[in-house]
Amino acid sequence: MASSMQNNRVSPPGYCVCCRTCNMWCWRAFKWFPVLLIVCIVTWSYYAYVIQLCIFTVESTILKCVYLVLYHILLIMFVWSYWRTIFADVKPIPEKYKLPEAELEKLLSADTEDAQRTILENFAKDLPIVTRTMSGSVRYCNRCVLVKPDRAHHCSICSRCVLKMDHHCPWVNNCVCFHNYKFFMLFLGYALLYCLFVMSTCLPYFIKFWKGDFGTSASAGRYHIVFAFFVALMFAISLGSLFGYHCYLVAHNRTTLEAFRAPMFRGGADKNGFSVGVYNNFKEVFGNSPNLWMVPVFTSLGDGCEFPVRREHRLQTFTTPQETHGYESMGTTRSSVEIGHESERWRLCPRRGRTVPQIV
């Protein structure tokens, strides 16, 4: 562990600054390729659906208006959610989690793992964290030089620690995390509805094409319509499975990383450690206002550092505050100092088996 604290990387001989800068910009440009591909597909689908289907193929004026209105509503919500997912303001880890220079020097000069663990434990005793590593020590990132908040992980692609990291998605060129998870869910949902709508409205004309009763006036655009049907079908299948999986994760208050490796608490690993009920889990992502649940504006509860936990873990570092409304009613993280003061004011009544206030 002592060697892992060293985060200085030595460049190979002859590796000039210009080459490093060129590689960095080429890598940044390459990461936008999946996003550009999605934009091109959506742009072409607009032409195929609006121009070729609605304007040149559909004969009923009323049907044209209905198709165009519904299509543009879904398109706007889909593009809006996609935009917010890509360009969400992913805030950095708060400064209180970063080690000061003095603490970092002591950590780097420590000779044993036990000494390093003690330094991290002393630094993190006032931080609201409940999760640990597999060995039971404080979760520490040697690249970012900070103690990781609960559910935060280091993204090797973004080269930073991210709050409540779910995964890094190349299709949005961003980490799916606390600050854009709601936008990501809405993006998947509206994209699925968009594909299902295009597929269902193109289906009658797709059947006419195979029956040879498509009409000569629209023969030039029928291939766009048929291709739009197949593309919508293909994306609907993949989006449906992905959206269903993330609905499952939201219902159980898990991230993709936590689904593969359960978070470790002081009492052991618990894949449902952050689950506080399906409805509360849903509100943690989408907020308290039902009017804004389906709108891509940020309404997620909390700050991304502190999360409600189940009762058995709350007994260690969680207490339920007096307020019974909003996010706080689920239980908030308390530091070890606050828990110590709390325990001085409360004692267990041996006769009734419940806590009663005492003055000490």
Side-chain angles (χ1 to χ4, degrees), residues 81 84-85 88 90-91 93 127-134 139 148-155 161-169 174-189 241-290 292-294 296-321 323-334:
S81 302
R84 293 301 306 272
T85 306
V90 179
K91 298 180 181 179
I93 306 294
L127 297 177
I129 55 176
V130 296
T131 55
R132 292 293 186 266
T133 63
M134 297 293 293
R139 298 170 63 244
K148 296 179 183 179
D150 292 335
R151 316 183 81 176
H153 296 275
H154 185 87
C155 178
C161 283
V162 181
L163 293 174
K164 194 187 175 183
M165 179 178 175
D166 187 271
H167 69 286
H168 185 93
C169 181
N174 201 355
C175 274
V176 178
C177 59
F178 171 77
H179 297 98
N180 65 353
Y181 191 68
K182 177 190 174 182
F183 307 146
F184 178 74
M185 288 294 297
L186 293 179
F187 156 62
L188 293 180
S241 59
L242 185 61
F243 180 67
Y245 176 68
H246 278 277
C247 287
Y248 171 82
L249 294 180
V250 170
H252 292 80
N253 205 337
R254 300 177 199 166
T255 63
T256 300
L257 295 177
E258 292 169 353
F260 284 96
R261 175 178 291 181
M264 181 67 65
F265 298 87
R266 288 186 175 91
D270 186 2
K271 61 182 180 180
N272 296 317
F274 293 102
S275 180
V276 287
V278 175
Y279 184 59
N280 287 331
N281 294 339
F282 177 85
K283 290 199 302 180
E284 189 174 313
V285 175
F286 289 88
N288 288 319
S289 178
L292 298 177
W293 282 349
M294 298 296 105
V297 294
F298 185 80
T299 55
S300 299
L301 303 181
D303 58 0
C305 297
E306 306 174 28
F307 299 93
V309 295
R310 299 179 67 181
R311 185 176 301 275
E312 55 265 32
H313 306 302
R314 191 188 311 166
L315 294 176
Q316 301 166 14
T317 54
F318 265 66
T319 58
T320 304
E323 296 84 355
T324 59
H325 60 277
Y327 189 70
E328 297 292 328
S329 63
M330 302 181 196
T332 53
T333 311
R334 306 286 293 278

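If you're wondering where the values come from, they're calculated on a predicted model, not measured in any experiment.
Applying the ring pair (Phe, Tyr, Trp, His ring centres under 6.0 Å) test to F286 and every residue at least two apart in sequence or in another chain returns F282.
Put simply, OG1 on T133 and CE on M264 are 8.0 Å apart, with the number rounded to the nearest 0.5 Å. Note that CH2 of W293 and CG of N288 are 8.5 Å apart. Values are rounded to the nearest 0.5 Å. Remark: H168 NE2 to H153 NE2 distance equals 15.5 Å, nearest 0.5 Å.
The closest side-chain heavy-atom distance from K283 to V276 is not below 4.5 Å. The shortest side-chain heavy-atom distance between S241 and Y245 does not fall under the 4.5 Å cut-off. H154 has its side chain out of reach of M165: every pair of non-hydrogen atoms, C-beta onward, lies at least 4.5 Å apart.
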Donor-acceptor pairs are to be reported for all side-chain atoms of residues 176-189 against protein atoms at under 3.5 Å, with residues two or more places apart or in another chain.
{"from": "N180", "atom 1": "OD1", "to": "C177", "atom 2": "N", "distance (Å)": "2.8"}
{"from": "N180", "atom 1": "ND2", "to": "T85", "atom 2": "O", "distance (Å)": "3.1"}
{"from": "N180", "atom 1": "ND2", "to": "C175", "atom 2": "O", "distance (Å)": "3.0"}
{"from": "Y181", "atom 1": "OH", "to": "H246", "atom 2": "ND1", "distance (Å)": "3.0"}
{"from": "K182", "atom 1": "NZ", "to": "L292", "atom 2": "O", "distance (Å)": "2.7"}
{"from": "K182", "atom 1": "NZ", "to": "V295", "atom 2": "O", "distance (Å)": "3.1"}
{"from": "K182", "atom 1": "NZ", "to": "V297", "atom 2": "O", "distance (Å)": "2.8"}
{"from": "K182", "atom 1": "NZ", "to": "T299", "atom 2": "OG1", "distance (Å)": "2.7"}

Atom pairs and distances, donor-acceptor, side-chain atoms in residues 249-257, under 3.5 Å, two or more places apart:
{"from": "H252", "atom 1": "ND1", "to": "Y248", "atom 2": "O", "distance (Å)": "2.9"}
{"from": "N253", "atom 1": "OD1", "to": "R151", "atom 2": "NH1", "distance (Å)": "3.1"}
{"from": "N253", "atom 1": "OD1", "to": "R151", "atom 2": "NH2", "distance (Å)": "3.3"}
{"from": "N253", "atom 1": "ND2", "to": "F274", "atom 2": "O", "distance (Å)": "2.8"}
{"from": "N253", "atom 1": "ND2", "to": "N281", "atom 2": "OD1", "distance (Å)": "3.2"}
{"from": "N253", "atom 1": "ND2", "to": "E284", "atom 2": "OE1", "distance (Å)": "3.0"}
{"from": "R254", "atom 1": "NE", "to": "K271", "atom 2": "O", "distance (Å)": "3.4"}
{"from": "R254", "atom 1": "NE", "to": "N272", "atom 2": "OD1", "distance (Å)": "3.3"}
{"from": "R254", "atom 1": "NH1", "to": "Y248", "atom 2": "OH", "distance (Å)": "3.4"}
{"from": "R254", "atom 1": "NH2", "to": "N272", "atom 2": "OD1", "distance (Å)": "2.7"}
{"from": "T255", "atom 1": "OG1", "to": "E258", "atom 2": "N", "distance (Å)": "3.1"}
{"from": "T256", "atom 1": "OG1", "to": "D166", "atom 2": "OD1", "distance (Å)": "2.7"}
{"from": "T256", "atom 1": "OG1", "to": "D166", "atom 2": "OD2", "distance (Å)": "3.3"}

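For the residue pair K148 and A152, the shortest heavy atom distance occurs at CD-O, 3.9 Å. Contact between L163 and P149 at its shortest, heavy atoms only, is CD2-CG, 3.9 Å.
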